[in-house]
S.K.: 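Pasting a structure here, questions to come.
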Amino acid sequence: MEGPFGQLDSIVSKRTDDTPLVLVGMGAGIAPLLSLAAEYLTDRRIHLLWSVRRADDAYYSALLDEYERRSGGHLTVTTRVGRFHRDQLSTLLPEEEVTRGEFIVVGPNPAVLATQRMLRRIGVSRGRIHHERLTM
């Protein structure tokens, strides 16, 4: 198996500097972000935020803990039951991530749109927010 492939990896691989990468996954939206985190684990500063409906939905917690250990301090993982709110994002995201980070948001369409609005309201510029909406 090789990867990651696709639009999300092309966004990340374009940046060869030390730009922080902020991955926001909602529910099953964590799936495409796992391959990105694994690929860039030791090369990039990554902040992965994952929201789940219920605590027992956090089925990748052990894997994310392992990624965090292997990253040598490059990966920070924050898992939350329920969606992140604006005040939480303001607290969780260091100023450098807000002002310089590349954001990738993956999840259900309404949640992605709401998260994009929240990120813009805390100071993330529109051009640094990328998304993949899970729709049917």
Side-chain angles (χ1 to χ4, degrees):
M1 302 275 298
E2 292 182 34
F5 298 111
Q7 174 188 353
L8 299 179
D9 183 55
S10 66
I11 292 165
V12 175
S13 63
K14 284 180 191 175
R15 299 302 298 248
T16 57
D17 58 10
D18 65 346
T19 302
L21 181 60
V22 182
L23 308 175
V24 183
M26 293 165 276
I30 190 70
L33 302 178
L34 289 174
S35 63
L36 286 173
E39 178 68 18
Y40 297 101
L41 196 56
T42 58
D43 302 332
R44 299 285 299 267
R45 286 176 299 133
I46 302 170
H47 192 168
L48 190 147
L49 300 121
W50 183 27
S51 65
V52 294
R53 243 182 230 172
R54 297 178 310 268
D56 56 337
D57 289 339
Y59 38 83
Y60 286 120
S61 290
L63 177 63
L64 291 171
D65 289 345
E66 177 62 23
Y67 281 5
E68 210 167 7
R69 277 192 296 280
R70 289 183 16 218
S71 76
H74 285 97
L75 174 67
T76 301
V77 176
T78 304
T79 304
R80 177 179 180 353
V81 175
R83 298 285 184 240
F84 289 97
H85 300 287
R86 182 177 171 179
D87 58 332
Q88 293 164 330
L89 290 177
S90 295
T91 302
L92 287 170
L93 299 173
E95 183 179 342
E96 184 184 19
E97 289 178 1
V98 172
T99 58
R100 295 186 56 240
E102 290 290 332
F103 287 73
I104 297 177
V105 183
V106 183
N109 188 45
V112 168
L113 293 172
T115 300
Q116 287 177 301
R117 281 191 301 275
M118 276 192 294
L119 291 171
R120 287 195 308 271
R121 287 181 183 138
I122 65 169
V124 179
S125 66
R126 185 181 303 263
R128 291 184 296 108
I129 303 172
H130 314 280
H131 67 272
E132 184 171 305
R133 298 182 205 167
L134 306 177
T135 61
M136 295 183 78

S.K.: Are Val106 and Leu113 co-members of a hydrophobic cluster defined by side-chain heavy atoms under 4.5 Å apart?
M.R.: no
S.K.: Check this for me: does any side-chain nitrogen of one of Asp18 and Arg100 sit under 4.0 Å from a carboxylate oxygen of the other?
M.R.: yes
S.K.: To the nearest 0.5 angstrom, please state how far the CD atom of Glu66 sits from the OG atom of Ser71.
M.R.: 10.0 Å
S.K.: Please give the remaining members of the hydrophobic cluster of Phe84, linking ILVMFWY side chains under 4.5 Å, ordered by chain and number.
M.R.: Val22, Val24, Met26, Leu49, Leu89, Leu92, Leu93, Val98, Phe103, Val105, Val112, Met118, Leu119, Ile122, Val124, Ile129
S.K.: Could you give me the CA-CA distance, side-chain angles and deciding distance for Thr42 and Arg70, then say whether side-chain contact (heavy atoms from CB on, under 4.5 Å) is met?
M.R.: CA-CA 8 Å; Thr42 58; Arg70 289 183 16 218; 5.9 Å; no
S.K.: When rounded to the nearest 0.5 angstrom, what is the spacing between OG in Ser90 and CD in Glu95?
M.R.: 11.5 Å
S.K.: Could you tell me whether Arg53 atom CZ has more than 12 heavy atoms of other residues or ligands within 6.0 Å of it?
M.R.: no
S.K.: Measuring only between side-chain heavy atoms, which start at C-beta, is Leu21 closer than 4.5 Å to Arg45?
M.R.: no
S.K.: Mark yes or no for whether Glu39, through its side chain, and Leu36, through its backbone, hold a donor-acceptor pair below 3.5 Å.
M.R.: no
S.K.: Hey, what do you get for OG1 (Thr76) to CD (Glu97), rounding to the nearest 0.5 Å?
M.R.: 7.0 Å
S.K.: Can you name the nearest heavy-atom pair linking Pro32 to Ser35, along with the distance?
M.R.: O-OG, 3.2 Å
S.K.: To the closest 0.5 Å, what do you measure between CD (Gln116) and NE2 (His131)?
M.R.: 5.5 Å
S.K.: Are Val81 and Leu48 linked, directly or through intermediate hydrophobic residues, by side-chain heavy-atom contacts shorter than 4.5 Å (ILVMFWY only)?
M.R.: yes
S.K.: So, for Trp50 and Tyr59, is the gap between ring centers shorter than 6.0 Å?
M.R.: yes
S.K.: With a 4.5 Å heavy-atom cut-off, do His74 and Arg44 have their side chains touching?
M.R.: no
S.K.: With rounding to the nearest 0.5 Å, note down the distance linking CG in Leu41 to OH in Tyr67.
M.R.: 7.5 Å
S.K.: Say whether, by atom type as modelled, one donor and one acceptor occur between the side chain of Arg133 and the main chain of Pro108 under 3.5 angstrom.
M.R.: no
S.K.: Does any donor atom in the side chain of Ser51 or Arg83 lie under 3.5 Å from an acceptor atom in the other side chain?
M.R.: yes
S.K.: Find the distance between CG (Asp57) and OG1 (Thr79) and round it off to the nearest 0.5 Å.
M.R.: 11.5 Å
